[in-house]
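From a predicted model like this one, the values you see are computed outputs, not experimental measurements.
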Amino acid sequence: ERVDALRGSGRFAEASALLEPALRRNPRDAECLRLCAMVQHRAGQGAAAAHLAERAEAIESHPNTVMIIAQHRANAGETDQALALCNRLLAMFPGDTDARLLMARALEAAVRVAEAREVIEPLARDVKGKDPSVELQAQHLLAAVLVHEKREGEAVELLDRDVLKTGCPDGLRRTARYLRAKACDRLKRYDEAWESAAAANAIGAPQFDPAGYAAAVGVLLEHWTRAKMADFPSSHSPSEVPVFIAGMPRSGTSLLDQVVDAHAQAAGVGEMAGIEQFARELERVWDASLPAPDSFGPMRDRAFRNMASAYEVECQKRAPGALRIVNKALGNNRVVGLLARLFPKTRVIHAIRDPRDVAVSCFMGGFNNAYYPWTAKPEWIAVAWEQSRRLMEHWKRETDLPILDVRYEDVVTSPGEEFPRVIEFLGLEWD
């Protein structure tokens, strides 16, 4: 009950802290894992939530964990897997509105427009006048379908009339505003598009301290130097399979993931959260007053070996037989030093894009402002971009990992040169 209360009020860190001791005592407590997954899900940490939900589901199946995994699959573009999980929920609970909504979202996101309409329209009819919340969400999805159908003017009218009205909850209002911005942009109503995105970003009054953010990056870089890392724990893993894409959101990380995934001997698995969770565990036990490896507390070579082994097993489970498996988690630029200790043979692809395009895309793109508050204002995005570059230049100096800079603009304009360059960097033959 306490966790639910904290989760409901947006106090996700406190909710997680409340659960952690119980989970440490019993890592196979399905209910605790499920609650942790639900907290991470509400916090907007989809990959971490899905990882926890899968652990819980392996012990004891529950509709909440199935739904979290389905949503993550949908967000990762794994539409068929998401639909299969939704159908599993509907077999247990015929007519379940959450499962039908998720099916509609997955199909819309995959631009399977006709199929999305087939789900949305009967759902909207079924809930009309009965469930205002689901009705609003169905109308929002219908507006998204109209945008796909290049009927942007109708989409704006629908949003203004039926969605963006009194009583629309903040979360839906935010996504509806972003959708409206996209439609107006395509209609060349640029000022209106920017105003809609700005209104979306202002919801919840996100707070960001540029100086504090830069200082936190500075502390990270101060601890993760070549000299200090020599005494840090290591897994000593010989595997070359794990590959990581690092860079700012909207810098082409997904495109590069798809390029690698197209190779017969490689796979792109989207975002995997295990390493970010491991990094958070390190932060909790870290004692900067002690020299390494004592500063890592109980997390020494064995913990690093276990993490690396578990990650490699998960990779092979997702892409059996692949020689290179790419993880494009958004936080990779912060953990390259840790990656060097977990996977000394790994390679890192650094995605770079013109910061003006990054700023516009992040500002208009509808990120989770609670977790990425810097996306709410262009001047904040500039700070985050600069700090990302600062991090990557540091890792090039302070680690021996091969790091390949790939510019989004070059990938788009010269794929005949850039695609082979990426594949060659991975140590694979051009296909």
Is the [atom1] atom of [X] crowded by more than 12 outside heavy atoms at less than 6.0 Å?
X: R2; atom1: CZ; result: no
X: E424; atom1: CD; result: no
X: E379; atom1: CD; result: yes
X: E31; atom1: CD; result: no
X: R112; atom1: CZ; result: yes
X: R356; atom1: CZ; result: no
X: R300; atom1: CZ; result: yes

Show your working on salt bridge (Lys or Arg N to Asp or Glu O under 4.0 Å) between E54 and R73 and close with a plain yes or no. CA-CA 12 Å; E54 286 167 350; R73 294 282 179 264; 2.6 Å; yes
Which distance, rounded to the nearest 0.5 Å, do you find between the [atom1] of [X] and the [atom2] of [Y]?
X: E57; Y: I69; atom1: CD; atom2: CD1; result: 5.0 Å
X: D191; Y: D185; atom1: CG; atom2: CG; result: 11.0 Å
X: L123; Y: M103; atom1: CG; atom2: CE; result: 11.0 Å
X: N201; Y: W194; atom1: CG; atom2: CH2; result: 8.5 Å
X: E14; Y: L6; atom1: CD; atom2: CG; result: 5.5 Å
X: Q45; Y: E276; atom1: CD; atom2: CD; result: 7.0 Å

For [X] and [Y], test the side chains for any donor-to-acceptor distance below 3.5 angstrom and give the result as yes or no.
X: S237; Y: K345; result: no
X: S61; Y: R88; result: yes
X: N327; Y: Y311; result: yes
X: R105; Y: Q71; result: no

I'd like to check [X] versus [Y] (side-chain heavy atoms, cut-off strictly below 4.5 Å). Are they in contact?
X: V241; Y: Q316; result: yes
X: D261; Y: V326; result: no
X: I275; Y: M307; result: yes
X: W374; Y: V383; result: no
X: E115; Y: V119; result: no
X: M67; Y: L102; result: yes
X: R353; Y: R407; result: no
X: S16; Y: Q40; result: yes

Kindly determine whether R390 and E386 satisfy salt bridge (Lys or Arg N to Asp or Glu O under 4.0 Å), including the steps that lead there. CA-CA 6 Å; R390 180 186 177 195; E386 180 58 36; over 6 Å; no
Taking the six-membered ring for Trp and the single ring otherwise, decide whether the centroids of W286 and H223 are under 6.0 Å apart.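 Between W286 and H223, the centre distance is under 6.0 Å.
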So, for W380 and Y213, is the gap between ring centers shorter than 6.0 Å? no
Could you report the tightest heavy-atom contact between [X] and [Y], atom names first, then the distance?
X: F425; Y: R347; result: O-NE, 2.8 Å
X: V243; Y: E240; result: CG2-O, 4.4 Å
X: G204; Y: R174; result: N-NH2, 4.4 Å
X: Q207; Y: A205; result: NE2-O, 3.0 Å
X: L90; Y: D96; result: CD2-N, 3.5 Å
X: P373; Y: P206; result: CB-CB, 4.2 Å

Any side-chain to backbone donor/acceptor pair from [X] onto [Y]? Under 3.5 Å, distance only.
X: R226; Y: R397; result: yes
X: S234; Y: H236; result: yes
X: R117; Y: V145; result: no
X: S388; Y: A384; result: no
X: S235; Y: L342; result: yes
X: N333; Y: A246; result: no
X: E108; Y: V113; result: no
X: R180; Y: L159; result: no
X: R334; Y: L220; result: no
X: H263; Y: E429; result: yes

Parallel, tilted or perpendicular: ring planes of F296 versus F232, cut at 30 and 60 degrees: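 F296 and F232: perpendicular rings.
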Cationic N near anionic O, under 4.0 Å, [X] to [Y]:
X: E418; Y: R421; result: yes
X: K182; Y: E152; result: no
X: R318; Y: E78; result: no

Working note: R280 + E283, criterion salt bridge (Lys or Arg N to Asp or Glu O under 4.0 Å); need CA distance, chi angles, decisive distance, verdict. CA-CA 5 Å; R280 284 195 288 270; E283 287 176 5; over 6 Å; no
Could you go through E192 and L187, starting from their C-alpha distance and side-chain angles, then the distance that decides it, and tell me whether this counts as side-chain contact (heavy atoms from CB on, under 4.5 Å)? CA-CA 10 Å; E192 200 175 341; L187 291 166; over 6 Å; no
